[in-house]
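On a predicted model such as this, the values are computed, not experimentally measured, just so you know. Every number for a ligand or one of its atoms is a count from 1 in the order of the listing. Computed over heavy atoms, backbone and side chain alike; hydrogens, waters and symmetry mates excluded.
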Amino acid sequence: MTTSQKTALITGANKGIGKETARGLAALGITVLIGARNAERGEAATEELRAGGADVRFVPLDVTDETSVQAAAQHIDATFGRLDILVNNAAISAGPQKPGETPAAAVRQVYETNVFGVIAVTHAMLPLLRRSAAARIVNMSSELGSLTHLADPGSPWSGYSSILLPYCTSKSALNAITVLYANELRAEGILVNAVSPGYCATDLNRHTGIRTAEEGAAVAVDLATAGEDGPTGAFLAEDGPIPW
Ligand SMILES: NC(=O)c1ccc[n+]([C@@H]2O[C@H](COP(=O)([O-])OP(=O)(O)OC[C@H]3O[C@@H](n4cnc5c(N)ncnc54)[C@H](OP(=O)(O)O)[C@@H]3O)[C@@H](O)[C@H]2O)c1
């Protein structure tokens, strides 16, 4: 491997939008690490993506398990010495349930993956990202995390937001986290953005989405490979900024 060869880690990359983001980055010649909590599913996705000759490798990674996160960071350090791209993609949802009927335990469970998982992985990978000449962090958010949308009862998302408190607010938190990382890392040239893939048919929504996972992955691939003049601290969909 040459020192110019880029390496990307994608969490929850064994299926859905994460897998398609992996496919897109691998197609650009980037070495892609498939982070997956289940070895069988991770290996299967890795084999599938390797089929075209891409450099795709499985890395065991449960974002809610600090031991697993540390082991992944140590493995990447020992194998590559640095990380160029981190895509925080893994997420879960809960419900549907009205906000007033949602117990704290349901919210806590979703935050373990969607919020604390992102912080744990980013914290562990940051020393490796800092060794890259042009590190990029992409946080897979959602329009359902937009406070502007949540505050608008006429928005197209209001039907979902009224029954998905854990998921929606986890993505609002993720957006805030994105801005704070971006602010801290701007001076170091590390670009950090939140993206929304749009409503894609995946297991997360029992395939009710109207876009393909591949279409959803495109914006993540774009931001993961943005040039040094690319945005940071932004919340972006394929067709431009999303209101916070
Ligand atoms: N689909 C949409 O319409 C849509 C819209 C907006 C935003 N998003 C966001 O896009 C991202 C991908 O979602 P998706 O639709 O592709 O969902 P998905 O098909 O359900 O995939 C989610 C991925 O996250 C993994 N995961 C869950 N918990 C994990 C953990 N603790 N550690 C590691 N991996 C874990 C899953 O692994 P397992 O296979 O082991 O469960 C799976 O690989 C998420 O951040 C989601 O919020 C999706």
Ligand 1 N/O within reach of Lys171 N/O, cut-off under 3.5 Å: yes
Nearest protein heavy atom with distance in Å, relative to atom 22 (C) of ligand 1: Ala91 O, 3.9 Å
Residue-ligand contact Gly198/ligand 1, heavy atom below 4.0 Å: yes
Any N/O pair Asn14/ligand 1 closer than 3.5 Å: yes
Gly18 N/O under 3.5 Å from ligand 1 N/O: no
Donor-acceptor pair, side chain of Arg57 and main chain of Ile34, under 3.5 angstrom: no
Close approach, Glu20 and ligand 1, non-hydrogen under 4.0 angstrom: no
Intermediate values then yes/no, side chain to side chain donor-acceptor pair (under 3.5 Å), Thr64 and Asp62: CA-CA 5 Å; Thr64 65; Asp62 182 336; 2.7 Å; yes
Can you give the donor-acceptor pairs under 3.5 Å from side chains of residues 234-244 to other protein atoms, not counting sequence neighbours?
none

Part of Arg41 within contact of ligand 1 (heavy atoms, under 4.0 Å): side chain
Asp84/Arg136 salt bridge by N-O under 4.0 Å criterion: no
Atoms in ligand 1 flagged as close to Leu204, the criterion being non-hydrogen separation under 4.0 Å: 15 (O), 17 (O), 20 (O), 46 (C), 47 (O), 48 (C)
Within-shell test, Ser93 vs ligand 1, heavy atom, strictly < 4.0 Å: no
Atoms of ligand 1, numbered as shown, that sit under 4.0 Å from any heavy atom of Met140: 9 (C), 10 (O), 11 (C), 45 (O)
Protein heavy atom at shortest distance from atom 47 (O) of ligand 1: Tyr167 OH, 2.5 Å
Step-by-step side-chain contact (heavy atoms from CB on, under 4.5 Å) determination, Leu150 to Cys168: CA-CA 8 Å; Leu150 297 184; Cys168 294; 4.2 Å; yes
Identified side chain to side chain contact (heavy atoms under 4.5 Å, CB included) counterpart of Ser68 within the set Val63, Val59, Leu61: Leu61
Atom 16 (O) of ligand 1 - nearest protein heavy atom and its distance: Ile17 N, 2.8 Å
Protein residue, atom and distance nearest to atom 32 (N) of ligand 1, heavy-atom basis: Val63 N, 3.0 Å
Side chains of Thr11 and Asn89, donor plus acceptor under 3.5 Å: no
Would you tabulate the side-chain donor-acceptor contacts of residues 116-126 under 3.5 Å, counting partners in other chains and residues two or more places apart, or write 'none'?
| residue | atom | partner | partner atom | Å |
| --- | --- | --- | --- | --- |
| Thr122 | OG1 | Asn88 | ND2 | 3.1 |
| Thr122 | OG1 | Val118 | O | 2.7 |

Nearest protein heavy atom with distance in Å, relative to atom 25 (C) of ligand 1: Gly12 CA, 3.6 Å
For Tyr199, the ligand 1 atoms whose distance to one of its heavy atoms is below 4.0 Å: 3 (O)
Exercise: do Gln70 and Glu66 side chains pair donor with acceptor under 3.5 Å: yes
Side chain to side chain donor-acceptor pair (under 3.5 Å) between Tyr111 and Thr169, intermediate numbers included: CA-CA 9 Å; Tyr111 278 40; Thr169 62; 2.6 Å; yes
Atom 18 (P) of ligand 1: nearest protein contact (heavy atom, Å): Lys15 CE, 3.8 Å
From Ala217, Ala90, Ala45 - option closest to atom 34 (N) of ligand 1 by heavy atom: Ala90
Per-atom contacts, ligand 1 versus Gly16 - under 4.0 Å to a heavy atom: 16 (O), 19 (O)
Lys171/Glu143 ion pair, N-O < 4.0 Å: no
Distance from atom 41 (O) of ligand 1 to nearest protein heavy atom, with residue and atom: Arg37 NH2, 2.7 Å
Interfacing atoms of ligand 1 (cut-off 4.0 Å, heavy-atom, Leu61): 32 (N), 33 (C)
Sub-3.5 Å N/O-N/O distance, Ala13 and ligand 1: no
Non-hydrogen atom of Thr113 closer than 4.0 Å to ligand 1: yes
Which of the ligand 1 atoms, numbered from 1, are nearer than 4.0 Å to a heavy atom of Pro197: 4 (C), 5 (C), 6 (C), 7 (C), 8 (N), 48 (C)
Aromatic ring proximity, centroids under 6.0 angstrom, Tyr160 and Tyr199: yes
Ion pair Asp77/Arg131, N-O distance below 4.0 Å: yes
Element-labelled atoms of ligand 1 that are located less than 4.0 Å from some non-hydrogen atom of Ile92: 27 (C), 28 (N)
CZ on Arg50 to OG1 on Thr46, rounded to 0.5 Å: 6.0 Å
For Asn205, atoms of ligand 1 separated by under 4.0 Å from a heavy atom: 1 (N), 2 (C), 3 (O)
Gln97 atom CD: more than 12 heavy-atom contacts under 6.0 Å: yes
Approximate separation, where rounding is to 0.5 Å, of Glu214 CD and Thr21 OG1: 10.5 Å
Any donor-acceptor N or O pair under 3.5 Å, side chains Thr31, Asp55: yes
contact_flag Cys200 ligand 1 heavy-atom lt 4.0 Å: yes
For atom 7 (C) of ligand 1, the protein heavy atom that lies nearest, with its residue and separation: Ser141 O, 3.0 Å
Proximal candidate to atom 11 (C) of ligand 1 [heavy atom criterion; set Thr64, Asn89, Asp203, Leu174]: Asn89
Check: Thr202 N/O within less than 3.5 Å of ligand 1 N/O: yes
